[in-house]
Amino acid sequence: MSDEPAPSPSVHPVAIPGCRLAVHTAGRGLPLLLLHGFPLDHSMWVAQAPLSDHVRLIAPDMRGFGGSAGAGLESIEQLADDAVALLDALHIAGPAVVCGLSMGGYVAQHVATRHPDRVAALVLVDTKLEADTPEARQARSDLSGKVGRIGQTILAEAMIPRLLAQSPVEPEARPRRDAIETRLRQTIVAQRVPTIQAALAALGSRPDMTAAMARCAAPTLLVVGAEDVITPPSCLQAAATIMPRASLLIVPGAGHMTPLEQPDVFNEAVLEFLRQQVPQRPHPA
Ligand code: MLT
């Protein structure tokens, strides 16, 4: 896909206006930007490492999360502009594939609407197009208050039971599932309280994207875990009916963290989608 030398897998700082992002990169060729969910960081994409045999993975910790310095998270739109500033800083002028999970999916939608020329294709995972209901906004505000009083542990307690598929797993699969849960807990409690609170406010005030995404020209893969209780399959089934170039995959045995829970299914679906939809195809392993 490219004559550039393959950079070694690493996390390195990248300066963009207003902050310094910690960015994991691996592989070369077609850029695949991976935007994490809330309240996580780039490490949620650990199981997508094999994709770096085919594409150039770029997985930032978004403003204020993980190893990214600087507070000032104001809106989902701002995070979308940060993502494009990151592409600029990495001298990626051509369109990239933009993949986001949940909050990262909200950000990816704004990248597509604010910077359509920078998007070769979208992968929207365990996310939705609609804004929060008033009740959901109030629940975020209540949670933000609790996090301020009690700390990040209350957020981990609130979220962990809802992140992963709850159907019983085979005994041999149990250790892997427990390890995923432990890793998610560690990631959540490592996030900074001001970032968590700012992100909750930004999530609560994000606009409804339904009309905008009905006009989205980018080929789009929609992926959702069959057991996702945060953004259930009905959300992406609705998106698939209105987005002109969208296809939908519902993944059995996954909840809200499909790329972590069912990485082989997810990775193969992404590669197949890119082979079919993106002219600058992923190069063979
Ligand atoms: C996420 O996983 O990013 C969040 O659950 C998104 C949300 O709360 O809307």
Side-chain angles (χ1 to χ4, degrees), residues 33-46 59-66 68 73 75-80 82-83 98-111 122-147 152 154-166 180-181 183-185 187-192 195-210 213 222-225 227-236 238-239 251 254-261 266:
L33 186 59
L34 298 173
L35 301 172
H36 61 78
F38 168 85
L40 303 171
D41 59 28
H42 80 274
S43 64
M44 62 144 285
W45 300 109
V46 63
D61 292 346
M62 289 195 272
R63 181 182 285 252
F65 289 94
S68 286
L73 194 169
S75 66
I76 299 298
E77 291 91 326
Q78 175 201 39
L79 296 178
D82 284 354
V98 183
C99 169
L101 179 134
S102 201
M103 177 180 76
Y106 309 150
V107 176
Q109 292 169 53
H110 283 281
V111 175
L122 282 175
V123 184
L124 301 179
V125 191
D126 297 307
T127 190
K128 61 180 168 184
L129 311 186
E130 296 81 14
D132 274 9
T133 60
E135 294 74 27
R137 208 168 297 136
Q138 184 60 47
R140 288 195 201 275
S141 172
D142 295 347
L143 184 57
S144 180
K146 280 189 193 158
V147 171
Q152 301 91 326
I154 192 75
L155 186 62
E157 296 315 318
M159 290 202 71
I160 293 282
R162 294 163 52 78
L163 288 177
L164 301 177
Q166 293 299 312
I180 291 174
E181 192 173 310
R183 181 86 176 259
L184 288 170
R185 189 180 303 278
T187 304
I188 293 172
V189 300
Q191 304 309 317
R192 301 172 191 88
T195 296
I196 292 168
Q197 292 182 312
L200 283 167
L203 287 164
S205 62
R206 73 185 194 283
D208 190 296
M209 294 297 284
T210 308
M213 296 314 285
L222 305 167
V223 184
V224 61
E227 297 182 48
D228 187 342
V229 294
I230 297 178
T231 51
S234 57
C235 294
L236 287 178
V251 181
H256 190 60
M257 300 299 304
T258 302
L260 257 182
E261 295 176 88
F266 179 81

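Whatever order the structure lists ligands and atoms in, that order sets their numbers, starting from 1. Since this is a predicted model, take the numbers as computed values, not measurements.
Residues V46 and R183 are in side-chain contact: their nearest non-hydrogen atoms beyond the backbone lie under 4.5 Å apart.
In this structure, CG in D228 is found 9.5 Å from OG in S234, a value given to the nearest 0.5 Å.
In this structure, atom 8 (O) of ligand 1 lies nearest to the protein heavy atom R140 NH1, 2.9 Å. Of all protein heavy atoms, the one lying nearest to atom 9 (O) of ligand 1 is Y106 OH, 2.6 Å.
Residue contacts with ligand 1 do not include K128, since none of its heavy atoms lies under 4.0 Å from the ligand. Put simply, no part of H36 is less than 4.0 Å from ligand 1, judged by heavy atoms.
Ligand-side atoms of ligand 1 in range of I230: 5 (O), range being under 4.0 angstrom from any heavy atom. The contact set between ligand 1 and S102, taken as ligand atoms under 4.0 Å from a residue heavy atom, comprises 1 (C), 2 (O), 3 (O), 4 (C), 5 (O), 6 (C). Near G37, with a cut-off below 4.0 Å to any heavy atom, the atoms of ligand 1 are 3 (O).
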(request) Decide yes or no on side chain to side chain contact (heavy atoms under 4.5 Å, CB included) for I76 and M103, but give the supporting numbers first. (result) CA-CA 8 Å; I76 299 298; M103 177 180 76; 4.2 Å; yes

(request) Check the pair Q191 / F38 against side chain to side chain contact (heavy atoms under 4.5 Å, CB included), numbers first and verdict last. (result) CA-CA 10 Å; Q191 304 309 317; F38 168 85; over 6 Å; no

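Taking a cutoff of 4.0 Å between a charged side-chain nitrogen and a carboxylate oxygen, E157 and R185 qualify as a salt bridge.
Under 3.5 Å, the side chains of D142 and Q138 contain a donor-acceptor pair of N or O atoms.
Checking only distances, F38 does come within under 3.5 Å of ligand 1, N or O to N or O. For M103, a nitrogen or oxygen atom sits less than 3.5 Å from a nitrogen or oxygen atom of ligand 1, counting backbone and side chain alike.
Closest heavy-atom contact between I160 and I188: CD1-CD1, 4.0 Å.
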